[in-house]
Amino acid sequence: MISLADIGLSHHMAKPQKPLFQNVKKHGELTAALVAGLLILIGWAISHILPQTPWYLFLLAYLIGGYAKAKEGIEETVRHRDLNVELLMILAAIGAAAINHWLEGAVLIFIFALSGALETYSMAKSSNAISSLMDLRPETARRITNDKEQVIDVERLNIGDVIRIKPGERIPADGIILNGETSVDESAMTGESMPILKSVNASVLAGTVNIDGSLKVKVTKTSNDSLFSKILILVQNAQSEKAPSQVFIEKFEGKYVKTVLTVVALMIILPPFLFSWTWSETIYRAMVLLVVASPCALVASTMPAVLSAIAFGARQGILVKGGVHLEQLAGIKSIAFDKTGTLTKGKPEVASFINNSSLTDSTLLSHIAAIEHDATHPLSEAIIAYAKQKSIGDWPLASNVKTKPGFGVSGRIDNVNYKIGKIGFVDEAAANSFLNKQGIKMESHTFVFIENTEGVIGCLLLKDQIRAMTNKAVDALHHFGIKTIILTGDNEETAQVIAAESGVSRTVANCLPENKATEIKQLKREYGSVAMIGDGINDTPALAEATVGIAMGGGTDAALETADIVLVKNDLVKIADTVRLSRKMNKIVKQNIIFAMGMILLLIASNFLQVLSLPVGVIGHEGSTILVILNGLRLLRG
């Protein structure tokens, strides 16, 4: 079995320190590229003032801008014993300098260095996903041995150890409750929006939160075998897989480099024998070929378009972590939604209030709010908010307020005792009779009953409401021909109700984190390209497994780091906007690539026919680069 140690993660790496040199490396390539660009601009200006070319400035631009790529190209060539596009670009720049066209070579270096720097930065950002997950795992646990409590590292816990967990703490290990009763917030792991009552013999999961009770728990899994650790491994494995387009580009680059260098080598040797060219003409034509065949326009055909699209998206509240993710989104055939916190607001709200007592609605609500105000019941906040919404702010004084974790709260007002809580906290028969009289079924809602000396006199129906823009977002995705699916840890009844309200056409309920990742794999087999949108740690394996992972801006740090795209303002409608943007970007990139390849082939053919002079070759090569850049910049306006 894979362990955290196997993938290089441990307790001591949960919050790694980043030395200064790592930050320098992270930004060094981009800084070098920009400095090289500044030197090129200065050299170009001087060359228009002075009669001689300031080759020393261009040489400095070569060294500063090209160092990182030259080193990378040489190391990759030695390591894999294969040529690469980095090496071709360096040779092309040297070739341009050899025929006294320093500016051409320097611009070539600048464009390629800038592209590489942005790629490095994007990869560094995505590598933060696992460290963000690690931040959610407790570093220490309170182990009880011979009635003595000792704080130890989580990695030192063994199966059978007994640990104590205080209210409000995150549970450090998977286990079974030996003593105590509490409500546990499992939303981060299972997606369940409501806190779950846990008592003796109930299982608890590492990474979940103990809300209001003190627990003694027997550890059933070591740190490396916990569900939390499995999530870490799933995220890492999914992120290590290369996209098909990336594999294709790598294969294309290798073949392109070999073809160009082979043709240049043959052109240096054969023309004097085959076409009676002079050796000076042969060397000249070979250097022109090396320059015009360098993929400057090909590199520029993608980067400006991608950066423009990303910049436009950022202004619209869409954070895209890399061009490849925006490119892949264009081909998405289906989108899987997490329910809690994504399609819904992620917290319960009172949907309706039923009063069957002798008191008016406002009086009964004021009594409920007064008791809940002094309680620690997980749903108190929603109930108080509902009372305020109904303009009930003058509450009587409640006494003897007591909370029973996982069940409800009791209190006394005007010499009347009240119980407010779930069906097991009040008279169960009376509660069921109350629901039957009202014609209500216990589906898709959380019920909070109100009981006093008269019996069960009312109830509050709480529900995790869908977001205001959910229906519009789903309709827009359907307009693009994209199928929509709900993946949720909630039960089937709740999932179906949310699907009906939101317009989502398909549901998969009772999904644990590993089930969500498995479902995404199945959807990929069914549809090809699948996006996943979620907000919690339970969604991270699916976000990483999906072709494109999308996180809500209000989600957990783990989801934000793992996702490829973040909706900063939690606006689901932006998903459809991003799909439209990605499709337009892909169209422009294809236009640029076809045009760039066409120009390269035209320039190469003209060079072989000896009708292409170096100045015309430079104009054609640089002109095609400028045109594809301008075409890409159109995306700045969306």
Side-chain angles (χ1 to χ4, degrees), residues 185 187-188 190-195 313 316-319 329 332 334-352 379 381-383 385-386 389 443-446 461-480 482-491 493-509 511 516 531-540 542-543 546 548-560 563-581:
D185 179 2
S187 59
T190 66
E192 175 60 57
S193 57
M194 301 296 178
Q316 304 301 312
I318 307 164
L319 175 61
L329 190 64
I332 291 299
S334 67
I335 290 185
F337 291 89
D338 168 54
K339 180 185 75 70
T340 305
T342 302
L343 289 174
T344 66
K345 297 177 182 179
K347 59 181 181 179
E349 296 180 2
V350 176
S352 60
L379 303 178
E381 188 176 332
I383 295 172
Y386 178 76
Q389 181 184 337
E443 296 177 356
S444 75
H445 289 79
T446 295
L461 282 69
L462 289 91
K463 182 181 178 183
D464 188 7
Q465 304 282 5
I466 66 169
R467 294 181 183 273
M469 303 300 287
T470 294
N471 296 91
K472 185 177 179 181
V474 172
D475 289 343
L477 290 172
H478 289 166
H479 175 74
F480 280 114
I482 297 173
K483 304 296 181 181
T484 54
I485 303 102
I486 295 177
L487 298 183
T488 177
D490 275 342
N491 58 58
E493 292 80 8
T494 300
Q496 289 294 341
V497 169
I498 295 298
E501 292 180 357
S502 63
V504 175
S505 54
R506 178 174 165 185
T507 64
V508 180
C511 274
K516 286 190 176 183
M532 169 69 191
I533 177 166
D535 70 318
I537 184 176
N538 63 304
D539 301 316
T540 53
L543 290 172
V548 179
I550 305 171
M552 303 295 285
T556 64
D557 289 343
L560 297 179
D564 306 311
I565 298 173
V566 177
L567 304 181
V568 179
K569 299 178 182 178
N570 295 323
D571 188 352
L572 288 175
V573 176
K574 297 297 182 184
I575 300 176
D577 293 340
T578 311
V579 171
R580 180 196 59 79
L581 182 65

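Just so you know, these numbers use all the heavy atoms, side chains as well, and skip hydrogens, waters and symmetry mates.
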Inset, instruction - Tell me yes or no: between the side chains of Thr507 and Gln496, is some donor less than 3.5 Å from an acceptor? - result: yes
Legend entry - Student check: side-chain heavy atoms of Val548 and Ile332 closer than 4.5 Å: yes
Inset, instruction - Might you point out which heavy atoms bring Pro348 and Ala382 nearest each other, and give the distance in Å? - result: O-CB, 3.3 Å
Inset, instruction - Could you pull out the closest heavy-atom pair between Ala546 and Ala531, with the gap in Å? - result: CB-C, 4.2 Å
Legend entry - Side-chain touch Val508/Ile485, heavy atoms, less than 4.5 angstrom: yes
Inset, instruction - Can you measure from OG1 (Thr344) to CD (Glu349) and round to the nearest 0.5 angstrom? - result: 9.5 Å
Legend entry - Validation row: Phe337, Asp539 side chains within 4.5 angstrom (heavy atoms): no
Legend entry - Interatomic distance, Lys472 atom NZ to Leu477 atom CG [nearest 0.5 angstrom]: 12.5 Å
Legend entry - Euclidean distance, Ile383 CD1 relative to Leu462 CG, rounded to 0.5 Å: 5.5 Å
Inset, instruction - State the CG-CD1 distance between Asp577 and Ile318, to the nearest 0.5 angstrom. - result: 5.5 Å
Legend entry - Close side-chain approach of Met532 to Leu487, heavy-atom, < 4.5 Å: yes
Inset, instruction - Might you point out which heavy atoms bring Gln316 and Lys574 nearest each other, and give the distance in Å? - result: O-CE, 3.2 Å
Inset, instruction - Find out whether Lys463 and Val350 are in side-chain contact, i.e. whether some heavy atom of one side chain is under 4.5 Å from a heavy atom of the other. - result: no
Inset, instruction - Check whether any side-chain heavy atom of Leu567 sits under 4.5 Å from a side-chain heavy atom of Ile533, and report yes or no. - result: yes
Inset, instruction - Determine whether Ile486 and Leu343 make a side-chain contact, defined as any pair of heavy atoms from C-beta on separated by less than 4.5 Å. - result: yes
Inset, instruction - Tell me, with the steps shown, if Ile335 and Lys483 meet side chain to side chain contact (heavy atoms under 4.5 Å, CB included). - result: CA-CA 6 Å; Ile335 290 185; Lys483 304 296 181 181; over 6 Å; no
Inset, instruction - Taking all non-hydrogen atoms of both residues into account, name the closest pair between Arg467 and Thr342 and its distance. - result: NE-O, 2.9 Å
Legend entry - Interatomic spacing from OG1 in Thr470 to CG in Leu572 - rounded to 0.5 Å: 5.0 Å
Inset, instruction - Might you point out which heavy atoms bring Glu501 and Asn471 nearest each other, and give the distance in Å? - result: O-ND2, 2.5 Å
Legend entry - Reported NZ-to-OG distance for the pair Lys339 and Ser502, which is rounded to 0.5 angstrom: 10.5 Å
Legend entry - Side chains of His478 and Thr484 in contact at under 4.5 Å (non-hydrogen atoms): yes
